[in-house]
Asks: 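The structure follows.
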Number of protein chains: 2
Amino acid sequence: MEHTMEACALDPALDVIVGKWKCSILFHLFHGTKRFSELQKGIPDITKKMLTSQLRELEEHDIIQRVVYPVVPPKVEYSLTEYGRTLEPVLSSIHQWGRSHAEHMRVRRSSLILEDTRQSL
Amino acid sequence: MEHTMEACALDPALDVIVGKWKCSILFHLFHGTKRFSELQKGIPDITKKMLTSQLRELEEHDIIQRVVYPVVPPKVEYSLTEYGRTLEPVLSSIHQWGRSHAEHMRVRRSSLILEDTRQSL
DNA sequence: CGGGATCCTATGCGATACTG
DNA sequence: CAGTATCGCATAGGATCCCG
């Protein structure tokens with residue numbers, strides 16, 4: 001870390017994955033190519049506008065590919081780029097820490113409540 | 001990834017490290033205990049308000065410790081908790097990907113510009 | 001079906017001033 | 001020194017409607 005991490009060289013990477021729905025989208029695309037409507041179904045609370053904008057941002061960063069089939073009705077498929085797959089170990093690392101963190105905070109809250117209880121007795 | 005990453009279990013972890021100044025603060029604290037004013041000097045553009053609020057959030061997540069010395073003038077020291085240090089491999093992973101991503105996008109932009117130039121000839 | 005355009009709200013963040 | 005309080009702006013994100 002000493003030598004590798006400058007003042008905030010994290011930001012460029014975080015830009016790529018931060019966004020209210022980006023990791024949900026990535027989660028689905030890691031499981032294979034999906035149509036716009038499939039993503040909508042998989043992420044029920046997202047609006048078309050947000051789905052579109054988040055997909056565009058991921059596309060700009062070369063994480064995903066957008067393929068338009070010139071048919072009617074329109075058909076658009078999204079998939080990870082080969083480069084996008086290099087994100088997997090990073091996301092996996094974040095994800096695993098997040099899981100243990102949730103547990104850590106759960107345990108911590110319990111013990112803090114216990115302390116409070118003891119003090120109020 | 002298949003088995004480990006749910007819809008968006010990334011968010012709890014991202015909450016911890018996302019924030020305009022958090023990674024800068026963490027960067028400094030990974031190098032050792034720092035006083036409030038030292039952090040301010042190390043991060044010239046941050047305001048007291050933001051420094052305070054970001055430190056408070058990191059503290060709530062048990063990433064950093066705040067130690068107040070009852071002296072005058074006041075002295076407050078911030079340091080990573082032992083638990084906070086478990087973030088290091090994660091941050092390092094994000095950071096490294098971010099560096100290579102910056103390079104990837106630089107190269108990509110060059111080649112896109114080349115294509116444009118060719119088309120306009 | 002896969003968007004775009006418009007309008008609106010909520011939050012993050014900054015600037016400034018005050019305080020024990 | 002290490003904060004807090006107040007104000008205000010900019011951006012992220014949501015709701016709704018329209019379109020080829």
Side-chain angles (χ1 to χ4, degrees), chain A residues 7-8 10-29 32-61 63-80, chain B residues 7-8 10-29 32-61 63-80:
Chain A
C8 199
L10 289 176
D11 291 340
L14 290 178
D15 270 358
V16 176
I17 55 174
V18 167
K20 194 170 179 187
W21 305 99
K22 277 183 191 166
C23 45
S24 296
I25 293 171
L26 289 174
F27 166 71
H28 285 279
L29 293 185
T33 298
K34 295 278 191 287
R35 294 186 58 169
F36 187 89
S37 49
E38 293 178 305
L39 288 171
Q40 264 195 99
K41 279 194 184 177
I43 314 171
D45 287 347
I46 198 171
T47 62
K48 290 177 178 184
K49 173 191 167 185
M50 284 311 297
L51 182 51
T52 302
S53 74
Q54 305 275 289
L55 286 169
R56 292 290 180 279
E57 289 180 26
L58 289 169
E59 198 188 352
E60 276 176 34
H61 285 288
I63 306 301
I64 66 172
Q65 268 168 334
R66 176 171 180 265
V67 178
V68 183
Y69 295 89
V71 296
V72 42
K75 176 178 175 182
V76 180
E77 282 187 348
Y78 293 90
S79 60
L80 285 175
Chain B
C8 200
L10 290 175
D11 290 341
L14 289 179
D15 271 359
V16 176
I17 54 174
V18 169
K20 193 171 180 188
W21 305 99
K22 277 183 192 168
C23 44
S24 296
I25 293 171
L26 289 174
F27 166 71
H28 286 279
L29 293 185
T33 298
K34 295 277 190 291
R35 295 185 59 167
F36 188 88
S37 49
E38 293 179 305
L39 288 171
Q40 262 196 101
K41 279 194 185 177
I43 314 171
D45 288 346
I46 198 172
T47 61
K48 290 176 178 184
K49 174 191 166 182
M50 285 312 297
L51 182 53
T52 303
S53 75
Q54 304 275 289
L55 285 168
R56 292 288 180 282
E57 287 179 28
L58 289 169
E59 197 188 353
E60 275 176 35
H61 285 289
I63 306 300
I64 67 173
Q65 267 169 335
R66 177 172 179 265
V67 178
V68 183
Y69 295 89
V71 296
V72 42
K75 176 177 174 180
V76 180
E77 282 187 347
Y78 293 90
S79 60
L80 285 174

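Every chain is numbered from 1, with letters handed out A, B, ... down the list of sequences. Computed from a prediction, not measured in an experiment: that's the story for all the values here.
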Asks: Give a yes or no answer on whether the side chain of B:Lys22 reaches the backbone of B:Asp15 with a donor-acceptor pair at less than 3.5 Å.
Replies: yes
Asks: Side-chain N or O of A:Tyr78 less than 4.0 angstrom from OP1 or OP2 on C:dG3?
Replies: yes
Asks: Rounded to whole Å, how long is the line connecting atom CG of B:Leu51 with atom C1' of D:dG3?
Replies: 10 Å
Asks: Ignoring backbone atoms, establish whether B:Arg35 has a side-chain N or O less than 4.0 Å from OP1 or OP2 of D:dC1.
Replies: no
Asks: Roughly, in whole Å, what's the span from CG in A:Leu55 to P in C:dC1?
Replies: 17 Å
Asks: Using whole Å, report how far CD1 of A:Ile25 lies from P of C:dG2.
Replies: 14 Å
Asks: So which one's nearest nucleotide on DNA chain C is more toward 5', B:Pro74 or B:Asp45?
Replies: B:Asp45
Asks: Working note: B:Leu29 + B:Ile63, criterion side-chain contact (heavy atoms from CB on, under 4.5 Å); need CA distance, chi angles, decisive distance, verdict.
Replies: CA-CA 10 Å; B:Leu29 293 185; B:Ile63 306 300; over 6 Å; no
Asks: Expressed in angstrom and rounded to an integer, what is the separation of B:Ile46 atom CD1 from D:dA2 atom P?
Replies: 14 Å
Asks: Using a cut-off of strictly less than 4.0 Å, decide whether A:Ser37 has a side-chain nitrogen or oxygen near OP1 or OP2 of C:dG2.
Replies: yes
Asks: In this structure, how many angstroms lie between the P atom of C:dA5 and the CZ atom of A:Arg56, rounded?
Replies: 11 Å
Asks: Checking all strands, does A:Glu77 fall into the base, sugar-phosphate, or nothing category for heavy-atom contacts under 4.0 angstrom?
Replies: nothing
Asks: Using atom NZ of A:Lys41 as one end and atom P of C:dG2 as the other, report the distance to the nearest whole Å.
Replies: 11 Å
Asks: What heavy-atom pair brings A:Pro44 and A:Gly42 nearest, and what distance separates the two atoms?
Replies: CD-O, 3.4 Å
Asks: Whole angstrom is fine here: how far is it from CD in B:Gln54 over to C1' in D:dT4?
Replies: 16 Å
Asks: Look at A:Lys20 and D:dG14 and indicate whether a side-chain polar atom (N or O) is within less than 4.0 Å of OP1 or OP2.
Replies: yes
Asks: A:Lys49 side chain: which of D:dG3, C:dG2, C:dT6 is closest?
Replies: C:dT6
Asks: Please determine whether a side-chain nitrogen or oxygen atom of A:Gln40 lies at a distance below 4.0 Å from atom OP1 or OP2 of C:dG3.
Replies: no
Asks: Tell me which nucleotide among C:dC1, C:dG3, C:dA5 gets nearest to the side chain of A:Pro73.
Replies: C:dC1
Asks: Looking at side-chain heavy atoms only, is the closest gap between A:Thr33 and A:Val67 below 4.5 Å?
Replies: no
Asks: Which of these passes side-chain hydrogen bond (donor to acceptor under 3.5 Å, both in side chains) with A:Tyr78: A:Lys34, A:Glu38, A:Arg35, A:Arg66?
Replies: A:Arg66
Asks: Picking from D:dG13, D:dA2, C:dC13, which would you name as closest to the side chain of A:Met50?
Replies: D:dG13
Asks: Separation of A:Lys48 atom NZ from D:dC19 atom C1', in whole Å?
Replies: 11 Å
